[in-house]
Amino acid sequence: MATKRVNQQAARHAPAGASKRRRSLEGATESFRILVLSGPNLQRLGKREPEIYGEQTLAQIHAELESLAAEHGARVDCRQSNYEGELVGWLGDAADAGFAGILINPGALTHYSYALHDAIKASGLPCVELHLSNPDAREEFRHTSVVAAVCVARVAGFGAGSYGLALLGLVESLKRSKGR
Ligand code: DQA
């Protein structure tokens, strides 16, 4: 009851359209929108080195992520690109497009793309780095992540499950930070 009153007061004092997540008249809360990005070669999941990356395709991972997000009060917009510049563009537009946070599997760009590092930082949004494999347990060049320092967390080594775990972690921390 008290919470409802506070929300009603907040709604009265907020300028029109100020909060995209303001409670609606029914008392429901708009879901968090999460941008999910996958980098080079991840369009080949299912066919690409299944002993390392598993048998699920990226389309299947995206479909499962959509259901999981819906169960947890979020919505995902899943995209893949082989081009660094396209990923940088999506990161740059994310905040203005109303996303609350980002999940990114940068693929091999993880290990050398300062452009992605800068774009994640400049997005101003909480971002989780994720990997299907555990890069630290693989070849030496995969032990460096140039994006880790601008991400709030990293999930790696759970196969396709890394996407879902990263989503749950991000949504939980968004809920905590927005007092939900
Ligand atoms: C990867 C790990 C990277 O080292 C690799 O270049 C990939 C996939 C992963 O999800 O395990 O393309 O990001």
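Both ligands and their constituent atoms are indexed starting at 1 by order of listing.
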* Asked: Looking just at side-chain N and O atoms, do Arg138 and Ser133 make a donor-acceptor pair shorter than 3.5 Å?
  ->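 Looking only at side-chain atoms, Ser133 and Arg138 do form a donor-acceptor pair, the distance falling under 3.5 Å.
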Any side-chain heavy atom of [X] sitting closer than 4.5 Å to one from [Y]?
X      : Y      : value
Asn105 : Tyr163 : yes
Gln43  : Ser81  : no
Leu35  : Leu125 : no

* Answer yes or no: are there more than 12 heavy-atom neighbours, outside Lys121 itself, under 6.0 Å from its atom NZ? =>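 No - once you tally the heavy atoms of other residues, nucleotides and ligands closer than 6.0 Å, there are 12 at most.
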* Does OH in Tyr114 sit with more than 12 non-hydrogen atoms of other residues, nucleotides or ligands closer than 6.0 Å? ->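 No, OH of Tyr114 has 12 or fewer neighbouring heavy atoms, counting only those of other groups under 6.0 Å.
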* Who are the residue neighbours of ligand 1 when the rule is a heavy atom under 4.0 Å from any of its atoms? ->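 The 4.0 Å shell around ligand 1 contains Arg48, Tyr53, Asn105, Gly107, Ala108, His111, His131, Leu132, Ser133, Arg142.
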